[in-house]
There are 4 protein chains.
Amino acid sequence: MAGIKKQKAVPEITSQMSTDTGLTRGHKKKARTRQTLVDAALRIFAQHGVAELQLNKLAEEAQVSNGTVYNYFRTREEVLEAVGVELANQFSHRISAMSVGVDNGAERVSIGIRMFIRETVQNPLWARAVISIYQYDKNIRSAVANYLRSDLLLGEKQGLLQFESIEIAMGIVAFSTIGSMISILDGYQAAAVDTTVAQMLLMALGLTSAKAKKIAHMPLPEAEKETEVAKKAPRQPGRPRKNSV
Amino acid sequence: MAGIKKQKAVPEITSQMSTDTGLTRGHKKKARTRQTLVDAALRIFAQHGVAELQLNKLAEEAQVSNGTVYNYFRTREEVLEAVGVELANQFSHRISAMSVGVDNGAERVSIGIRMFIRETVQNPLWARAVISIYQYDKNIRSAVANYLRSDLLLGEKQGLLQFESIEIAMGIVAFSTIGSMISILDGYQAAAVDTTVAQMLLMALGLTSAKAKKIAHMPLPEAEKETEVAKKAPRQPGRPRKNSV
Amino acid sequence: MAGIKKQKAVPEITSQMSTDTGLTRGHKKKARTRQTLVDAALRIFAQHGVAELQLNKLAEEAQVSNGTVYNYFRTREEVLEAVGVELANQFSHRISAMSVGVDNGAERVSIGIRMFIRETVQNPLWARAVISIYQYDKNIRSAVANYLRSDLLLGEKQGLLQFESIEIAMGIVAFSTIGSMISILDGYQAAAVDTTVAQMLLMALGLTSAKAKKIAHMPLPEAEKETEVAKKAPRQPGRPRKNSV
Amino acid sequence: MAGIKKQKAVPEITSQMSTDTGLTRGHKKKARTRQTLVDAALRIFAQHGVAELQLNKLAEEAQVSNGTVYNYFRTREEVLEAVGVELANQFSHRISAMSVGVDNGAERVSIGIRMFIRETVQNPLWARAVISIYQYDKNIRSAVANYLRSDLLLGEKQGLLQFESIEIAMGIVAFSTIGSMISILDGYQAAAVDTTVAQMLLMALGLTSAKAKKIAHMPLPEAEKETEVAKKAPRQPGRPRKNSV
DNA sequence: AATGAATGAGGCTTCATTCAT
DNA sequence: GATGAATGAAGCCTCATTCAT
């Protein structure tokens, strides 16, 4: 987890989320500015929520002039959109990476839930950014849902999970997880929140208490995969229209 | 109870929410104006979310001058706080009223969940206000949680519900319900969302699938208030705002 | 005369200043409201300066409703004017009272200068009000000038004082006195400011250094009124306001 | 230096006051705009007094948008402070320039007094600005005092002037001068106010009537700058503002 | 591309004044 | 007279956006 040079007292929230921007070769300074801005935006979301994003603050955080922001984004909305896309992509990478090698649908779901909750404790700023944008942006909700969907369907196919409606099940798992993250940020203190939540949600998905407990308490895979995330390429400049963020 | 004269195309979201505090006597102008403002704020939350509350719009909506707002609230923040308190009070009344006469903890929880979800379909504006402020205001979350707590503890005492942590259980129930409401506002269409969600959450709380299903499908009590609500809440089309909630 | 009930921590600045308007008979409550308002205005001037007079604050300070102010004054300007007149009257009374029985023009001038400076130390709030309104209101300046004029002319007639222009002499005496008061409020600390200033001004008016010194150091007459003032004016800490006057 | 293009009927009050900082080269836009704003603020002070400074009027006067003001000053208070500093600096330059080449302390004091009074007649707007801010801002008073101090001490050292307290002497000279300026603005008309005042103040500082008269009547040095001022400052009638200064 | 000064619409807030009770 | 809620013009300030360099 490398981390970007920060000038403020804000802990690294982008480090894990952003790529290590292949600065191995140091000759794409200009192309990286956009990523710098997106990263800065994420840090601001974390601290102040989506609604508060101010472009002059963004410029300051990214250590560029305010005019520079407009070389990459035409409006404030476009910035929000780009950050949404960025975060959605990060979700994709992280969630897939999380349970790589695990082929039990119930376990995969459990791992996802637990990782998000654990990460909240480790990195509240990141959590705040996630929650903030998750609540704000329907597209993000869809992106998360899609990852959940495959695992839930897998679990169902394996005869482990049962639910009447995949959509409703996705909603419950996702919002309960987000809700638990919020509770933690609200100040709720407890050990093993992750396993407790995972167990309850597995029960909601049809597992018996015993089985749910067992799966929820399985050791988490070694998340060395964070490095993988780091490798992903910077987003392309072309503006993907439509709402989001 | 008659609902407030509206000059805009916004359906009644406050009429049903205002508690019948005996201020029918018209000699407390100040109290009435304050309520007018809070009601107007709720309507605005419903349409635009908490973050967008603008005090000049609030004044317009409440049909008073902008200066009047400041006779009641010193700052924008104070308005948000007051509305939060108001909504929390409404919750108190509504939730208690919902399952009055029901002494089974699991049933009480189920009724609460289902009522909120059903109300979302009937009155999306109200739902939007609830979601918006629920996400915005920790105090609201606490207020809701407290009502949940007693029912959960009752159910546990009755040997019906089981959970490791009451706090976590409250979070899961509340956020899953909110999440389902959001899904509905996001456009998710399904019959019997309420029973499905209630059943899953009861399972999360330790009931077997069969018992959960049975309780989740019990007929809802005839809430006279609800009848009124249904009457008053015309389907509301409302341009699908930027990003749902 | 008893001073007005104060609800704040502001020492009495009006009690000593209020002329004994024949309210000895205590049966004119309504007639006194106006005086209450003027007194309250003086207290506010003392604390915040003329420019800051706010009618709602005035009403609050006078413990009447804001509407009541408009039963006595039609506009804010009228309040300021009334306070000006009031203060001018107070000056009249005080200044004449000061050197009653003294028939030496130079001494009379000296006494006036010294009394104002001494009072500043004793009662900074009163001083602030005086300075504030003196600078604000030309009429006050005229009122003060008239009292000065007669003493200066007396002194000239007596062969004690000499000046080319009575108007200029009045200005120098008055503004030097006010200036000394400001210096004291600005934080200048010294013993015997009053005699030093009086001496210098007497010299400016043609007295030799020796004569000026002698007159400036004469004991002040026992102003019974002053005794009261001293009693009533507890040292006032008051944050040193940004820019004094 | 030619003065700033004015779009209003206000005579030049800034041109003469602006120090000739070599910002003639047009490549410091920011510095120029700031100066533009300060100059505009001085013009407003002259017309309306410090208390009335309105930032939208300031922007209008400076012919920039209101937002621009906030690129240079964070609050209204900061504008006042900046103008105070500016005026203090101008004082520094002007006063030193006034009696350059004169090495008699008493003469130097006399020259300063007389110049300010004469300038009041020539340029009432400038005088109003000076008076207004002098009364408002303690720092300005300090700045003026410091220039006076050295001359007074010089005169004392030369055996010309005598005073018990330098601080009190400074106060008397400064406030008497300001007071004379106010009298002039109040409408007092007389020839040779400057010499009369100077003479009286020199007497207050220990000079005999004869010596004081002689020094007070010495010809003023030819301030080339002053000539320009006289040229530029048309008599300004100006509605007699409610309460003068 | 980067810069950063300038812009101005629009929101927040104050406060003198009105008016029905 | 006294009250105090209501009014709304007017000021302060923010911030997304533009544009010349």
* Below 4.0 Å: OP1/OP2 of F:dA5 and any side-chain N or O of B:T68 -> no
* Check every strand shown and say whether D:L53 touches a base, only sugar-phosphate, or nothing at a heavy-atom separation below 4.0 Å. => sugar-phosphate
* **Presence of C:N71 side-chain N/O under 4.0 Å of F:dA2 phosphate oxygens OP1/OP2** => yes
* Asked: Considering residues, nucleotides and ligands other than D:E81, do more than 12 of their heavy atoms fall under 6.0 Å from its CD?
  -> no
* Structure fact -> Taking E:dG11, E:dT7, E:dA16 as options, the one with an atom nearest any side-chain atom of C:N56 is E:dA16
* Would you call B:L125 and B:Q47 a side-chain contact if the rule is heavy atoms closer than 4.5 Å? -> yes
* Structure fact -> Atom CD of B:Q63 and atom C1' of F:dT7 are separated, to the nearest Å, by 15 Å
* If we only count heavy atoms from C-beta on, is the D:L37 to D:L58 side-chain gap below 4.5 Å? -> yes
* Check whether any side-chain nitrogen or oxygen of D:T75 sits under 4.0 Å from OP1 or OP2 of F:dC12, and answer yes or no. => no
* Asked: Could you state the CD-C1' distance from C:E60 to F:dG4, rounded to the nearest angstrom?
  -> 13 Å
* Asked: To the nearest angstrom, how far is D:L37 atom CG from E:dA5 atom P?
  -> 13 Å
* Once you round it to whole Å, what is the distance between C1' of F:dC13 and CD of D:E77? -> 14 Å
* Nucleotide E:dT14, atom C1' - distance to CD of D:Q54 in whole Å -> 13 Å
* When you check the phosphate oxygens OP1 and OP2 of F:dT7, does a side-chain N or O of B:S65 lie under 4.0 Å from one of them? -> yes
* 5′-ward residue of the pair A:E52/B:Y72 relative to DNA chain F -> B:Y72
* Would you please say whether a donor-acceptor pair under 3.5 Å links the side chains of A:N56 and A:E60? => no
* What distance do D:S65 atom OG and D:N71 atom CG have between them, rounded to the nearest 0.5 Å? -> 7.5 Å
* Asked: Is any side-chain heavy atom of B:V83 less than 4.5 Å from a side-chain heavy atom of B:L42?
  -> yes
* To do: Just name whichever nucleotide pairs with F:dC15, Watson-Crick or G-U, keeping both distances under 3.5 Å, else none.
  => E:dG8
* Structure fact -> Assign each of B:V64 and C:V64 the nucleotide of DNA chain F bearing its closest heavy atom; nearer the 5' end lies the nucleotide of C:V64
* Rounded distance (Å) that lies between atom C1' of F:dT14 and atom CZ of B:R76 -> 13 Å
* If you measure only the distance, is there a donor-acceptor pair under 3.5 Å linking the side chains of B:T33 and B:T36? -> no
* Structure fact -> Scanning all shown strands, the Watson-Crick or wobble mate of F:dT21 with both distances under 3.5 Å is E:dA2
* Asked: For B:R76, does the CZ atom have more than 12 heavy-atom neighbours from other residues, nucleotides or ligands under 6.0 Å away?
  -> yes
* Over how many whole Å does the gap from A:L55 atom CG to E:dA2 atom P extend? -> 16 Å
Which pairs, protein N/O on one side and nucleotides 18-21 of chain E N/O on the other, fall under 3.5 Å?
none

* Rounded to whole angstroms, how far apart are CZ on D:F73 and C1' on E:dA6? -> 15 Å
